[in-house]
Amino acid sequence: MAKTIFEEMGGTYARQGDYLLPCLFLPAEKENKPIGVWGQRHLRYLKQNRKVLYTNLLTSGKLNSYLADIDEQAEDLFFRLVNQMVEREGVTEQLKMENQMEWVGRMNNIHGSAMEIVNAELIYS
C-alpha cells in the first residue's frame with residue numbers, strides 16, 4: 001500500500017479500536033511562565049470569542065507566553081491606575097486612620113474602576 005503524505009513527512013498512526021488515528025503533538029513552548037488571573041480571563045475570552053486567534057496561538061506554541069505577557073501588562077496597568085486614582089481622589093493614610101469605613105469604600109470604588117478599565121482595554125478587546 002502506498003504511503004500517505006502524512007507518513008512521507010514522518011508522521012505515524014496509532015490504532016484505537018478499529019481506527020488508525022494520526023499521532024499529533026503540539027510544539028513545546030520555550031518558556032513556561034505562570035499565568036495569573038488576568039491571563040486566565042483573557043484565555044477564557046479567546047476561547048469563547050476569538051477562536052481563530054486562540055487556535056493559531058495554541059498550535060504555534062505561543063499561547064502561554066502571549067497570556068503571560070497580557071497578564072503582566074494588565075497587572076502593571078491596574079497598579080498604575082490604582083495609584084493615580086488614589087492620588088487624584090486624595091485617599092491617604094490619614095483618612096484611613098480617621099475614618100476607616102470611608103477609606104475602605106473609596107478604595108473599593110477605586111479598585112472596581114481600575115478593574116473595569118483593565119478589562120475594557122486589555123482583557124476583553
Side-chain angles (χ1 to χ4, degrees):
M1 188 165 132
K3 285 188 170 184
T4 64
I5 295 173
F6 181 69
E7 290 174 317
E8 288 176 5
M9 295 180 67
T12 60
Y13 291 96
R15 182 171 295 280
Q16 297 290 325
D18 293 336
Y19 301 101
L20 287 175
L21 300 176
C23 296
L24 302 175
F25 299 98
L26 293 175
E29 293 203 27
K30 296 175 185 172
E31 299 177 14
N32 195 9
K33 296 179 183 176
I35 300 170
V37 68
W38 300 106
Q40 294 294 329
R41 287 179 186 170
H42 191 65
L43 175 62
R44 186 175 48 232
Y45 169 75
L46 290 177
K47 284 182 177 179
Q48 293 175 354
N49 301 306
R50 307 280 307 271
K51 293 177 183 175
V52 173
L53 177 60
Y54 169 74
T55 304
N56 288 340
L57 289 168
L58 180 65
T59 57
S60 67
K62 297 177 183 175
L63 180 63
N64 191 32
S65 60
Y66 172 77
L67 292 174
D69 185 44
I70 289 288
D71 185 66
E72 185 178 320
Q73 289 176 24
E75 195 74 23
D76 291 344
L77 178 61
F78 178 76
F79 285 123
R80 190 167 6 106
L81 286 170
V82 167
N83 288 336
Q84 289 173 357
M85 289 179 187
V86 163
E87 288 178 16
R88 188 181 64 223
E89 294 185 18
V91 180
T92 62
E93 291 295 319
Q94 183 67 28
L95 176 64
K96 184 178 181 180
M97 289 171 39
E98 293 172 358
N99 191 346
Q100 291 178 356
M101 292 304 291
E102 183 180 348
W103 182 85
V104 168
R106 287 174 141 194
M107 286 303 292
N108 284 342
N109 187 23
I110 289 170
H111 186 269
S113 299
M115 190 175 290
E116 284 184 26
I117 292 170
V118 171
N119 283 336
E121 295 290 324
L122 285 175
I123 305 303
Y124 302 122
S125 63

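Given the structure is predicted, the values throughout are model-derived calculations rather than measurements.
Between Arg106 and Gly90 the shortest heavy-atom distance is NH1-O, 4.1 Å. Across all their heavy atoms, Ala114 and Val82 have their closest contact at CB-CG2, 3.8 Å. For the pair Leu67 and Gly39, the tightest heavy-atom approach, listed with the atom from each and the gap, is CD2-O, 3.6 Å. Closest approach of Ala68 and Pro34 over heavy atoms only: CB-O, 4.1 Å.
Here Leu95 contributes atom CG and Met107 contributes atom CE; the two are 10.5 Å apart, rounded to the nearest 0.5 Å. Taken from NZ in Lys96 to OG1 in Thr92, the straight-line distance is 10.5 Å, to the nearest 0.5 Å. Between the CD atom of Glu75 and the CD atom of Glu72 there is a distance of 9.5 Å, given to the nearest 0.5 Å.
For the pair Tyr66/His42, a side-chain contact is recorded, criterion being any heavy-atom separation below 4.5 Å from C-beta on. Looking at Ser65 and Lys33, their side chains never come closer than 4.5 Å, going by heavy atoms from C-beta outward. Side-chain contact between Met101 and Asn99: present, with at least one pair of heavy atoms (C-beta onward) separated by less than 4.5 Å.
Remark: Lys47 engages no residue in a salt bridge (charged side-chain N to carboxylate O under 4.0 Å, His left out) (not counting sequence neighbours). Considering only residues two or more places apart in sequence or on other chains, Phe79 meets the ring-ring contact (aromatic ring centres under 6.0 Å, His included) condition with none of them. With sequence neighbours left out, Arg41 forms a salt bridge (charged side-chain N to carboxylate O under 4.0 Å, His left out) with no residue at all. Phe78 meets the ring-ring contact (aromatic ring centres under 6.0 Å, His included) test with Trp38, His111; sequence neighbours excluded.
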Which donor-acceptor pairs under 3.5 Å do the side chains of residues 49-57 make with protein atoms, sequence neighbours left out?
from, atom 1, to, atom 2, distance (Å)
Thr55, OG1, Lys51, O, 2.8
Asn56, ND2, Val52, O, 3.4

Using atom types as modelled, flag every donor-acceptor pair under 3.5 Å from a side chain in residues 116-125 to any protein atom, sequence neighbours excluded.
from, atom 1, to, atom 2, distance (Å)
Asn119, ND2, Met115, O, 3.3
Ser125, OG, Glu121, O, 2.9

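A 6.0 Å sphere centred on CD of Gln48 holds more than 12 heavy atoms belonging to other residues, nucleotides or ligands.
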- Task: Using the side-chain contact (heavy atoms from CB on, under 4.5 Å) rule, take Ile110 and Val91 through it: C-alpha gap first, then chi angles, then the decisive distance, then the call.
- Result: CA-CA 10 Å; Ile110 289 170; Val91 180; 3.9 Å; yes
- Item | Evaluation steps, side-chain contact (heavy atoms from CB on, under 4.5 Å), between Leu43 and Leu63 | CA-CA 9 Å; Leu43 175 62; Leu63 180 63; 4.1 Å; yes
- Message: Could you go through Glu87 and Asn83, starting from their C-alpha distance and side-chain angles, then the distance that decides it, and tell me whether this counts as side chain to side chain donor-acceptor pair (under 3.5 Å)?
- Response: CA-CA 6 Å; Glu87 288 178 16; Asn83 288 336; over 6 Å; no
